[in-house]
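Here is the structure we will look at, set down as structure tokens.
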Amino acid sequence: MKSSRVLSLVPVLAAGGVAAHDLLQKKHSLLRNFPVLGHARYAIERIGPELRQYIVAGNDEERPFSRDQRSWIYASCKGENNYVGFGTDNDVENCEGYPIIKHRTFSASPPTTAPHGGEDVRLPSPKVLGGPRGRRHAFRPSSVVNVSAMSFGSLSAQAIVSINQGVALAGALHNTGEGGLSSYHCSGGDLIWQIGTGYFGCRDEQGRFDLARLKATIERAPVRALEIKLSQGAKPGLGGVLPAAKVTEEIAQIRGVPLGQDVISPSRHSAFHDVDSMLDFIELLADETGLPVGIKSAVGDLGFWEELADAMVTGDRAPDFITIDGGEGGTGAAPLVFSDAVALPFYVGFTRVYSVFARRGLTDRVTFIGSGKLGLPRSATTAFALGADLVNVAREAMLAIGCLQTQKCHTDRCPTGVATQNRWLTRGLDPSLKSVRLAQYLQALRRDLLKVSEAVGVQHPALIDPDDLELLYGQRVGRPLREVYGYDAEWGRLGEPLRREVAALMSDAPTGGSTPVE
């Protein structure tokens with residue numbers, strides 16, 4: 001009886017202790033004025049994202065990904081029914097710039113056999129990566145949807161393995177991110193090795209680019225292409241710091257940096273300093289490795305792109321692909337002003353850059369890759385209509401392997417083990433299961449892109465052009481993408497030789513119906 005009374009006093013004594021601490025501390029005026037009770041405010045603030053995510057927000061309200069968008073990804077990656085019932089809950093009538101895909105009544109392309117027809121079709125790239133420049137190891141990517149740059153260190157080892165095994169199952173490509181090429185990246189999937197300003201994994205002791213180390217790493221890894229990162233959507237024009245506390249012995253070895261020291265990523269490259277020297281660097285990498293070499297950048301000042309396109313007109317030096325990252329994208333941690341206001345959103349930035357190359361007749365000689373919240377059928381279709389040949393997905397891939405959009409990536413406390421190095425949290429992520437989910441998500445996205453292409457009356461999403469979509473402005477006005485983004489008549493369309501190539505590539509896609517095709 002006496003012991004139960006003592007136990008009943010424990011909460012009272014604990015509250016008294018907290019109250020005494022709150023009254024005496026001076027750091028938080030709220031707690032000083034409202035001891036004990038004031039902690040409720042901080043607790044609610046801490047779980048605010050979860051409250052909005054599951055209780056407060058509507059299906060189409062949340063950012064960066066709404067509940068509807070996340071639900072489609074989760075259902076797709078689990079192989080569940082990802083259809084919806086009772087019509088759209090989007091505000092189609094009043095949403096400014098709402099995209100509408102225009103279907104055709106008749107088409108020369110026969111329909112697929114069933115609602116899930118074409119689920120196993122691997123939609124290949126409409127262009128050969130490195131083909132126009134004659135690279136020794138030029139190749140045609142077998143998937144128009146691939147996984148974007150996310151480094152080991154930013155993501156956990158289990159997440160990297162899950163993604164790499166997943167792209168292997170789906171026949172897609174996996175971008176390493178700028179953090180170097182780890183053993184986790186070599187789990188069966190083909191790679192695009194990203195080279196950032198820190199040259200992690202291919203640098204000498206002074207942090208300078210080391211060609212010999214790059215070539216040695218390529219010899220032992222399934223690297224299909226190299227991507228030079230000029231900037232990224234999350235923090236364009238800004239370097240980064242990996243604190244010494246996070247530099248484990250493993251990460252130090254992979255990145256080629258000293259153990260126990262802050263790792264600095266400069267804001268710009270030291271191996272080149274202008275367009276001319278950048279093109280020389282691209283050709284050096286391509287000549288020494290035989291691999292296609294491209295660049296990745298967010299879009300700000302257009303002067304760089306004008307100068308690059310002018311230099312490419314002669315055809316003797318050029319990147320094999322250009323990845324445009326939208327300012328709304330980004331899995332990495334960034335200062336708020338960079339996340340919110342530096343670099344153009346994808347559609348605006350991409351169309352400005354594409355136009356620069358289209359005016360010079362260069363678009364068929366370069367593979368254009370879109371990146372920045374393009375991992376859903378509607379947004380990906382819009383990107384293809386504007387001239388993208390491939391799309392890369394990052395956060396959508398994270399969602400497919402377990403991310404819950406808790407937005408704790410920068411805290412090292414990701415509860416599902418995707419974006420953390422905490423061993424207790426990462427133990428919950430099983431690559432043997434999550435890799436299958438990623439593969440099923442990629443297959444579902446490609447299937448829906450194929451079905452949308454069929455509705456438009458073409459065989460491949462790269463054959464959708466800016467006249468096949470329009471943006472709604474209120475209930476009475478719709479403007480074609482070509483008009484909205486100022487595209488000339490043939491912009492956003494592949495040249496006829498490439499269109500014939502794509503048609504030949506898709507000749508084995510499933511077709512049929514009850515009536516034989518003549």
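Every heavy atom of this structure was used, including side-chain atoms; hydrogens, water molecules and symmetry mates were not.
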query: Only one of Asp389, Thr363, Asp320 clears side chain to side chain donor-acceptor pair (under 3.5 Å) with Lys127; which?
result: Asp389
message: Using 0.5 Å steps for rounding, measure from the CG atom of Asn392 to the NZ atom of Lys296.
response: 7.5 Å
field: Least distance between heavy atoms, Ala159 atom then Ile401 atom
entry: CB-CD1, 3.8 Å
Option among Asn164, Asn146, Asp190 that satisfies the side chain to side chain donor-acceptor pair (under 3.5 Å) test with His174: Asn164
task: State, yes or no, whether a side-chain contact exists between Leu481 and Leu471 at a heavy-atom distance under 4.5 Å.
output: yes
message: Checking the side chain of Arg437 only, and the main-chain atoms of Leu399 only, is there a donor and an acceptor separated by less than 3.5 Å?
response: no
query: Out of Ser371, Ser148, Ser297, Ser231, which one pairs with Asp325 under the side chain to side chain donor-acceptor pair (under 3.5 Å) rule?
result: Ser371
message: Whether the side chain of Tyr74 engages the backbone of Glu80 through a donor-acceptor N/O pair (distance < 3.5 Å, no angle test) should be reported.
response: no
Residue pair Met150 / Ala394: nearest heavy atoms and the distance that separates them: CE-O, 3.6 Å
message: Can a donor-acceptor pair be found, under 3.5 Å and without considering hydrogens, that links the side chain of Ser142 to the backbone of Gly171?
response: yes
- prompt: Does the distance from a Lys or Arg side-chain N to an Asp or Glu carboxylate O, for Arg493 and Asp465, drop under 4.0 Å?
  reply: yes
The single option from Asp467, Asp488, Asp468 passing side chain to side chain donor-acceptor pair (under 3.5 Å) against Arg482: Asp467
field: CA sep, side-chain torsions, deciding dist, call: Phe139, Leu173, side-chain contact (heavy atoms from CB on, under 4.5 Å)
entry: CA-CA 12 Å; Phe139 72 105; Leu173 295 166; 4.1 Å; yes
message: Ignoring hydrogens and geometry beyond distance, is a side-chain donor-acceptor pair present between Glu178 and Gln194 at under 3.5 Å?
response: no
field: side-chain contact (heavy atoms from CB on, under 4.5 Å) between Phe368 and Phe384, intermediate numbers included
entry: CA-CA 10 Å; Phe368 287 94; Phe384 284 116; over 6 Å; no
Within-4.5 Å side-chain heavy-atom neighbours: Ile73 and Tyr441: yes
Salt bridge (charged side-chain N to carboxylate O under 4.0 Å, His left out) between Glu306 and Arg352, worked out: CA-CA 10 Å; Glu306 297 277 359; Arg352 290 187 186 178; over 6 Å; no
message: With heavy-atom distances below 4.5 Å as the criterion, would you say the side chains of Phe357 and Leu308 are in contact?
response: yes
- prompt: Is the closest side-chain heavy-atom distance between Met506 and Pro124 below 4.5 Å?
  reply: yes
- request: List the steps and the verdict of side-chain contact (heavy atoms from CB on, under 4.5 Å) for Arg395 and Cys403.
  value: CA-CA 8 Å; Arg395 287 172 293 182; Cys403 169; over 6 Å; no
message: Using a 3.5 Å distance criterion without hydrogens, assess whether the side chain of Asp448 forms a donor-acceptor pair with backbone atoms of Pro377.
response: no
- prompt: Is Leu291 close to Trp193 at the side-chain level, that is, under 4.5 Å between some pair of heavy atoms?
  reply: no
task: Would you mind listing every ring pair (Phe, Tyr, Trp, His ring centres under 6.0 Å) that reaches into residues 450-503, with sequence neighbours excluded?
output: Tyr354-Tyr487, Tyr487-Trp491
field: Nearest atoms (heavy-atom pairs only) where Cys77 meets Ala400
entry: SG-O, 3.6 Å
Any side-chain heavy-atom pair of Arg317 and Ile282 under 4.5 Å: no
- prompt: Which atom pair, heavy atoms only, marks the closest approach of Phe346 to Gly372?
  reply: CB-O, 4.3 Å
- prompt: Is there side-chain contact between Arg140 and Leu505, with heavy atoms separated by less than 4.5 Å?
  reply: yes
message: Ignoring hydrogens, what is the shortest heavy-atom contact between Val275 and Ala311? Give both atom names and the distance.
response: CG1-CB, 4.2 Å
- request: Using a 4.5 Å cut-off on heavy atoms from C-beta on, say whether the side chain of Met312 contacts that of Arg360.
  value: no
- request: For residues Glu501 and Pro126, report the shortest heavy-atom separation together with the two atoms involved.
  value: OE1-O, 4.4 Å
message: Between Val456 and His103, does the side-chain contact (heavy atoms from CB on, under 4.5 Å) criterion hold? Intermediate values first, please.
response: CA-CA 4 Å; Val456 173; His103 72 285; 5.9 Å; no
- request: Would you please name every residue forming a salt bridge (Lys or Arg N to Asp or Glu O under 4.0 Å) with Arg378, sequence neighbours left out?
  value: none
